[in-house]
2 protein chains.
Amino acid sequence: MKLSVVKVGGNIIDNQEALHAFLKQFNALEGPKLLVHGGGKIASELGKEMGITPNMVNGRRVTDKATLDLVTMVYGGLINKNLVAVLQAMGCNAIGLTGADGNTIQSVKRPVKEVDYGFVGDVQGVNAYLLQMYLKEGFVPVFAPLTHDLEGNMLNTNADTVATEVAKALAEVGYEVSLKYCFDKPGVMLDLQDADSLVKELTPVNYATLKEEGVIAEGMLPKLHNAFQAVEAGVEEVVLGLAEGILQQQPFGTVVKAEDKLAATS
Amino acid sequence: MKLSVVKVGGNIIDNQEALHAFLKQFNALEGPKLLVHGGGKIASELGKEMGITPNMVNGRRVTDKATLDLVTMVYGGLINKNLVAVLQAMGCNAIGLTGADGNTIQSVKRPVKEVDYGFVGDVQGVNAYLLQMYLKEGFVPVFAPLTHDLEGNMLNTNADTVATEVAKALAEVGYEVSLKYCFDKPGVMLDLQDADSLVKELTPVNYATLKEEGVIAEGMLPKLHNAFQAVEAGVEEVVLGLAEGILQQQPFGTVVKAEDKLAATS
């Protein structure tokens, strides 16, 4: 059974018009599907109003207790429930979730090494049972980027990671998963100034070459690391690009596949 | 099949120690169960920090857009997800919900008559299907007092009403429902100063008498109105009292029953 796992980030969440267009495209996707959303600027803006100043260490945001409460409210409440309400109005039977709900995603607080990231959760396991039940019944799970530690605490977790881990877990129970990361570029580009330089297919082999040549920008590395982890764990393909491109029937963006999957389809 | 629908209010939500004790008692309830939680002071406190002043008309709070966003965050995010995480840590397989999730509770924005209550939803229907699925599978639904209008908007809805409507809908599909309102008094009291004046059983007949005599305080009337509505619609019993009383096997509080139900059990 095919399944689309779509990750949408803050750049779209923050823009009412872009968000509405995105949700329409998401709703039009055929077959079982699942959405993972990120945060967006609204959390920092509300934080400012509440006197919570972002706590940065070495350029990385640290999730202190006040920030954890803030993202639990904004990601798990405001953003998640409004996405669900709008999808419901479109006839999409969405159900909002965090990893705590039905114990779907367990994590552990990231161990303190050089940096104490605070209440950030590294995913330990995904419980596919409830998700399978939803998908079989035609419900559309909508995940906020939050998990829990099974000790009573919510934890802040990167939305790309949530999408990747959920995709891997559902591939493991037999779904043919297409993991789609919507982002603000048409895909992996050899030259950001040249629209024609889109890398249409990425395999471990050409990825290694491009990395060596320094062509792939640093910001892309964690995303592509997640993507290759996913295809190695059995996810059929990972597609990266603009939402309006990769949610069409004919994907338009960068497709990441395992070597053997490419061989099988070409 | 027996089912407990428990409503817990702000007085317990606001007190970490009382909340933990309550959740332990809730978790110890045998058989299928469902929790509905109210708001608490935290929403008004956060609102103040964010410069949202409560908008009151004739002594009733009006839910303007800023307040709706605030309660969506606080009730649907902060409170709901933390309750779920703590229940999960206790081994209770909780799933947090609003009425938008899985389209479980549809409402309409309250029509404007003398007062415009703003984004307040009057419940139109409860979709029992998803709730039945959860209960059959051993999941424990945990509702925030929020609904949606199927037109893309979240709406603020009284937690007593959410509990009553959910109890009625599940009674209708065959559950033998005990609806338990936890509140800050031992039950309905003839004299608030006299602990021995607890009314142990309330039926339409003695309720009418007590109302006529002016014994039942005004604040109790909406709660008891909800309670009688529930038993008239097939809910087995409604129990009102302190959480530590009514969550025990031997209920200790006021039991509201329909006349025929009392006859059948006495």
Side-chain angles (χ1 to χ4, degrees), chain A residues 20 23 42-43 46-52 68-104 106 127 129-130 133-134 137 139-142 144 146-155, chain B residues 20 23 42-43 46-52 68-104 106 127 129-130 133-134 137 139-142 144 146-155:
Chain A
H20 204 262
L23 290 174
I42 189 169
L46 275 169
K48 250 188 238 164
E49 289 180 23
M50 290 162 55
I52 301 171
L68 176 66
D69 283 352
L70 178 69
V71 298
T72 302
M73 287 196 290
V74 175
Y75 301 168
L78 190 63
I79 296 176
N80 190 266
K81 297 315 166 191
N82 279 309
L83 289 184
V84 167
V86 172
L87 284 170
Q88 284 286 347
M90 292 175 176
C92 171
N93 208 346
I95 297 185
L97 291 169
T98 68
D101 299 297
N103 189 24
T104 37
Q106 312 93 45
N127 200 331
Y129 183 76
L130 177 62
M133 197 167 88
Y134 285 146
E137 295 279 342
F139 292 104
V140 175
V142 176
L146 296 163
T147 56
H148 78 139
D149 65 0
L150 260 179
E151 291 175 12
N153 306 298
M154 297 300 295
L155 291 169
Chain B
H20 204 262
L23 291 174
I42 188 169
L46 274 169
K48 250 189 240 166
E49 289 179 23
M50 289 162 56
I52 300 172
L68 177 67
D69 283 353
L70 178 68
V71 298
T72 302
M73 287 196 290
V74 175
Y75 301 168
L78 190 62
I79 296 176
N80 189 266
K81 297 315 167 191
N82 279 309
L83 289 184
V84 167
V86 171
L87 284 170
Q88 285 285 348
M90 291 175 177
C92 171
N93 207 346
I95 297 185
L97 291 170
T98 67
D101 299 297
N103 188 23
T104 38
Q106 312 93 44
N127 200 332
Y129 182 77
L130 177 62
M133 196 168 90
Y134 285 145
E137 295 279 342
F139 292 105
V140 175
V142 176
L146 296 163
T147 56
H148 78 139
D149 65 0
L150 261 179
E151 292 175 12
N153 307 298
M154 297 299 296
L155 291 168

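Quick note on labels: first sequence line is chain A, next is B, and so on, each numbered from 1.
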**Item:** B:Gln88 side chain vs B:Ala94 backbone, donor-acceptor pair below 3.5 Å
**Value:** yes
**Complete:** chain A shares the most heavy-atom pairs under 4.5 Å, among B:Glu151, B:Met90, B:Glu49, with B:Glu49
**Asked** For A:Asn103, is it the side chain, the backbone, both or neither that has a heavy atom under 4.5 Å from a heavy atom of chain B?
**Response** both
**Residue, of B:Ala144, B:Gly102, B:Cys92, that accumulates the most heavy atom pairs under 4.5 Å with chain A** = B:Gly102
**Message:** Quick check against the 3.5 Å criterion: does A:Thr104 have a side-chain atom that pairs as donor or acceptor with the backbone of A:Thr98?
**Reply:** yes
**Asked** So, do A:Met73 and B:Leu46 sit near enough that their side-chain heavy atoms are less than 4.5 Å apart?
**Response** yes
**Request:** May I ask you to name which of B:Val86, B:Asp149, B:Asn153, B:Thr72 has the most heavy-atom pairs under 4.5 Å with chain A?
**Result:** B:Thr72
**Complete:** Whatever's closer than 4.5 Å to a heavy atom in chain B on A:Tyr129 counts as side chain
**Item:** A:Asn80 side-chain N/O to A:Tyr75 backbone N/O, donor-acceptor pair under 3.5 Å
**Value:** no
**Asked** Who wins among B:Gly51, B:Ala85, B:Gly76 for the most heavy-atom pairs under 4.5 Å with chain A?
**Response** B:Ala85
**Request:** Check for a donor-acceptor pair, side chain of B:Asn82 on one end and backbone N or O of B:Leu78 on the other, with a separation under 3.5 Å.
**Result:** yes
**Note, A:Asn127 side chain near A:Gln106 side chain (heavy atom, < 4.5 Å)** = yes
**Complete:** chain B shares the most heavy-atom pairs under 4.5 Å, among A:Val142, A:Leu87, A:Leu97, A:Leu130, with A:Leu130
